[in-house]
Structures are given as structure tokens and as C-alpha cells.
Amino acid sequence: MRILIVGTGYVGLVTGTCFAEMGHTVTCLDIDEQKIQKLEQGIIPIYEPNLDEMVKRNTAQKRLVFTTDYSEGVKNAQVCFIAVPTPSGEDGSCDIQYVERAARSIAQNMDDYKIIVNKSTVPVGTAAFVAKTVNVALAQRGVEIPFDVVSNPEFLKEGAAIQDCLKPDRIIIGSDSPKATEMMKEIYSAFTLSHDRILVMDILSAEMTKYAANAMLATRISFMNEIADICKKVGANVNEVRKGIGADNRIGYSFLYPGVGYGGSCFPKDIRALISKAKEVGANASILEAVDEVNYKQKKVLGEKMIRYFSSRGGLKNKTVAVWGLSFKPDTDDMREAPSLDLLHQLLEQGARVRLFDPVAMPNAKKLVPEHPNITWCNDEVEAASGADAIALVTEWKQFRLVDFKPIQSKMNGLAFFDGRNQYKPIDMKTKGFDYISIGVPDVLQHT
Ligand SMILES: NC(=O)c1ccc[n+]([C@@H]2O[C@H](COP(=O)([O-])OP(=O)(O)OC[C@H]3O[C@@H](n4cnc5c(N)ncnc54)[C@H](O)[C@@H]3O)[C@@H](O)[C@H]2O)c1
């Protein structure tokens with residue numbers, strides 16, 4: 001099948017590359033000329049494990065090409081996937097202006113039947129809006145060309161995107177056209193050889209499925225963060241409680257980890273967009289509002305723990321804090337709505353000095369963090385800890401899990417460890433000489 005992917009970001013590049021890997025002929029289009037130039041030179045603009053070699057292989061075999069030219073991209077394609085950003089508007093609703101522009105550009109360049117697929121996460125009703133946008137653009141051209149709009153939301157996780165894309169749990173196809181449904185099934189046939197994972201449904205339900213899935217996952221996170229707070233206050237250990245409830249088949253272990261709140265380019269904006277949609281249609285969204293509010297507070301929890309800890313130690317002003325991990329989760333360079341940004345803001349507000357390190361997200365972090373005399377960018381976690389009064393673990397990169405603390409401690413000024421991801425055993429950290437403060441677990445201090 002000849003496929004066009006409009007928007008060559010985390011979703012578009014991964015999806016396009018996986019389609020090419022499965023034998024389709026794919027054009028990835030973007031309006032960002034620099035991005036396309038880099039891709040043409042074999043430079044991958046995002047960090048995603050294993051993506052690099054797959055892009056290079058499929059480019060070399062001419063199944064994957066890049067362009068900024070809509071006329072070339074649309075003309076050659078049977079199916080056009082839209083994978084452009086859908087950020088939060090000022091009121092929290094989903095801003096679909098990029099989807100609208102992409103749909104219009106497709107319509108301005110098509111000259112035969114196309115299937116237009118919404119892969120971006122878009123509010124219920126957007127497929128109809130895209131159809132209207134295309135019809136208006138075709139009418140302006142004075143042409144009548146048949147097309148179908150399909151909803152095919154994406155569920156990949158950054159950091160495991162290739163695996164998720166090649167072996168999805170399910171493929172949702174929202175369609176009201178038997179012809180489009182059959183073509184979509186054909187596109188995905190190579191992904192479903194072991195068993196059928198395709199769920200065909202009406203378009204509105206497909207659009208809603210994506211939001212409901214993200215809302216459920218975000219709810220589990222905020223729920224556990226709330227349970228962690230209660231655990232802390234009653235003296236229970238949330239790590240034990242998590243295992244105790246996860247063992248129940250009805251609950252399961254996934255997404256039960258308390259931490260510093262969810263971030264990234266999806267959960268925060270998608271929860272806000274669903275709340276906004278609920279309000280628009282007069283539905284109650286009190287659970288979703290609570291999920292969002294708990295998360296807002298949770299992003300400040302680690303900073304508050306530090307303020308409390310240092311309040312009896314002369315305050316945070318002029319103290320030095322090493323921040324380990326900046327991306328919103330491991331194995332990605334994505335800094336969008338990362339909890340590290342909230343912590344950084346709190347620490348600078350208190351007059352602390354911060355020494356930052358992330359294995360891959362520092363270039364993106366530097367774009368978001370304003371220059372400040374109290375910020376030092378470091379080359380590794382050991383350098384970050386040098387001269388620090390405390391370490392704050394914000395992103396649970398694997399390389400932080402089995403660090404040799406001895407040489408690190410010898411360079412530190414104090415021995416406080418704030419674990420925003422509950423990565424270490426409190427008793428081990430106490431034995432190593434740290435004051436260890438984590439999430440939902442009793443503090444382990446050397447002198448109480
Ligand atoms: N990132 C994820 O993990 C993830 C997972 C599932 C779904 N989604 C959804 O997928 C969509 C895309 O997300 P992303 O993270 O890939 O975004 P992104 O910002 O990484 O990439 C989007 C790309 O679209 C390009 N673009 C914008 N307008 C365009 C236009 N008119 N024509 C061509 N290109 C255009 C941008 O230049 C950018 O390169 C969003 O709706 C998001 O919610 C994202």
C-alpha cells in the first residue's frame with residue numbers, strides 16, 4: 001500500500017517507519033524543513049530506542065522517503081494518515097488547528113479517492129470536522145473527489161514505541177465505510193499475523209476510546225499518588241500496598257507506581273481535553289477533574305519534601321541539589337510537561353543551586369529551561385552529585401538503578417536522597433549513610 005504520513009514526530013516517524021518495515025511504501029511529510037533535511041541525511045530528530053537503524057534500513061531500501069511537499073506526498077498515496085500535534089488550548093480544550101491545516105492541505109492536493117486517517121489524538125467529532133474541511137477545500141477547487149475519513153488512534157508509548165507499533169495490543173479502526181475498513185485492515189494485516197487484534201467500530205466510539213484509555217491510566221497514577229500520601233501519613237509503606245493490591249487479578253500490577261506525577265505530551269493534555277469535552281456536552285467529569293488536580297499537586301511533592309527537610313538545616317537557599325533525570329519518563333528525550341520542570345522551578349525559587357543531568361533529554365531541556373546562574377548542566381550523574389547537599393531522582397533511567405554510591409558520596413557535601421520514583425530500598429540507603437526520603441514510604445533518616 002502507498003501511504004502518506006502527515007507529521008513526522010514521535011508518532012508519525014515511528015508509525016511510518018513501522019509501516020515501511022512491514023513492506024508498505026511510505027512518505028513521511030512535515031512542514032518543518034530542518035527536520036526533513038536531517039532525516040534525509042540519516043539524522044533522527046528524536047530519541048527512541050531502535051528507531052535509528054530501522055529508519056536507515058527502510059530509507060536505504062527506498063520504502064521510506066521524506067518530504068515537505070504536499071503535492072508529491074498526496075499524489076502518490078492511497079491512504080493519508082494525519083499525525084500532527086493536538087495541544088491544549090488556553091481553556092484546556094484540544095486545539096485541532098494543525099489537524100485542520102493538514103486536512104485542508106491534503107484536500108488541496110488530492111486528485112483521486114483517498115482515505116484520510118486521524119491518527120492524532122482528537123476529540124470526539126473531529127472525523128466529521130475533517131470531512132467538512134476537506135469538502136470545503138474541494139468545493140473551493142470546484143472539484144468532486146470521493147474520500148473517506150477514518151479514526152485510527154495511536155496507543156504507542158514513547159520509549160517502547162517500535163515494539164508497541166509492531167506488536168500493538170489492539171488496533172482501533174473507527175469507520176463508516178466498508179471500503180475504507182477493508183483497506184485499513186489490509187494495511188495492518190502484517191501486524192496481526194499471530195492473532196487478530198483489529199477492533200472495528202463506529203467513528204465516535206473510536207475517537208472516545210483513545211481518551212478513555214488515557215484517562216483510565218492517568219486515573220490509576222493519581223489514585224496511587226493519593227494512596228501514597230495516605231500511606232505516608234498513617235505510617236504504611238506504599239511499595240508493599242502496591243504489591244498487595246496488584247496481586248489481585250481484577251487490579252493487576254500495571255500503572256500502580258506512585259511518583260512525581262504524570263507528564264509528557266499525552267496524559268496531561270488529553271485529560272484536560274476530555275474534561276473540556278464533557279463540559280461542552282453537559283456531562284459530569286468529577287473523577288477526571290480530581291485526577292488532574294491530584295497530578296498538579298503531585299508534581300510539587302518532591303520539592304515540598306526538600307523544603308521541609310532543609311527547613312531545619314538552614315533552608316534551601318545556596319544549598320546544591322543534583323537532579324537525576326529530566327525527561328518525563330525514561331527512554332525518551334521528551335520534556336513536554338515533565339515533572340522535573342516543576343521541581344526546578346521550586347528549587348530556583350528557594351534560591352537553591354541545581355546540577356542537572358539526563359542521559360538523553362538535556363538538549364530538549366535546555367530549550368525549555370531559561371538560563372540561570374544557579375543552573376549547572378552536567379555530563380553524568382556523578383558530576384551532578386559533586387558538591388551537592390542532596391540528590392533528587394526524578395526520572396528512573398536504568399543507569400541510576402545500580403550506581404556505585406561510594407565514589408558519589410565522597411564528592412557530596414551532604415547526604416540527603418530524595419527518590420521521586422521509589423527506586424531504592426530504604427534500608428539499603430540508610431546503611432549507605434543517606435537520609436532517604438521517597439514517596440509514600442516512611443522517611444529513613446540517620447538521626448531522628
Ligand atoms: N507522543 C506520543 O507518545 C503519542 C502517543 C499516542 C498519540 N499521540 C498523539 O499523536 C499526535 C502527534 O503527537 P507527536 O508526539 O508525534 O507530536 P510531535 O510534536 O512529536 O510531531 C508532530 C509533527 O507534526 C508536524 N506538523 C505540524 N503541523 C503540520 C502540518 N500542517 N503538516 C505537516 N506536518 C505538520 C510538526 O512539525 C511535528 O514534526 C498528537 O495528537 C498526540 O496526542 C502521541
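Order of listing sets the numbers, starting from 1, for every ligand and every atom in it. Everything numeric here is computed off the predicted structure, so don't read it as measured data.
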May I ask you to check whether [X] has an N/O atom sitting below 3.5 Å from an N/O atom of ligand 1?
X: Thr86; value: yes
X: Asp334; value: no
X: Val11; value: yes
X: Arg101; value: no
X: Thr121; value: yes
X: Asp270; value: no
X: Glu158; value: yes
X: Arg336; value: yes

How many angstroms lie between atom CG of Leu356 and atom OG of Ser340, to the nearest 0.5 angstrom?
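Here the interatomic distance stands at 8.0 Å.
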Roughly how far, to the nearest 0.5 Å, is the CE atom of Met183 from the OH atom of Tyr188?
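Separation between the atoms: 13.5 Å.
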Is ligand 1 under 4.0 Å from a heavy atom in the side chain of Lys210, in the backbone, in both, or in neither?
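Only the side chain of Lys210 comes within reach of ligand 1.
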Using a strict cut-off of 4.0 Å, indicate which atoms of ligand 1 neighbour a heavy atom of [X].
X: Leu29; value: 33 (C)
X: Tyr10; value: 1 (N), 15 (O), 16 (O), 20 (O)
X: Lys269; value: 42 (C), 43 (O)
X: Val6; value: 32 (N), 33 (C)
X: Ala83; value: 12 (C), 22 (C)
X: Lys35; value: 38 (C), 39 (O)

Would you give me the side-chain donor-acceptor pairs under 3.5 Å for residues 74-84, sequence neighbours excluded?
residue	atom	partner	partner atom	Å
Asn76	ND2	Glu72	O	3.2
Gln78	OE1	Arg2	N	2.7

Between Gln298 (side chain) and Gly259 (backbone), is there a donor-acceptor pair under 3.5 Å?
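Checked: pair present.
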Can you tell me if Asn118 and Ser120 form a side-chain donor-acceptor pair at under 3.5 Å?
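No pair is found: no donor N or O on one side chain lies under 3.5 Å from an acceptor on the other.
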Is the number of heavy atoms from other residues, nucleotides or ligands within 6.0 Å of NZ (Lys366) greater than 12?
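Result for NZ/Lys366: enclosed.
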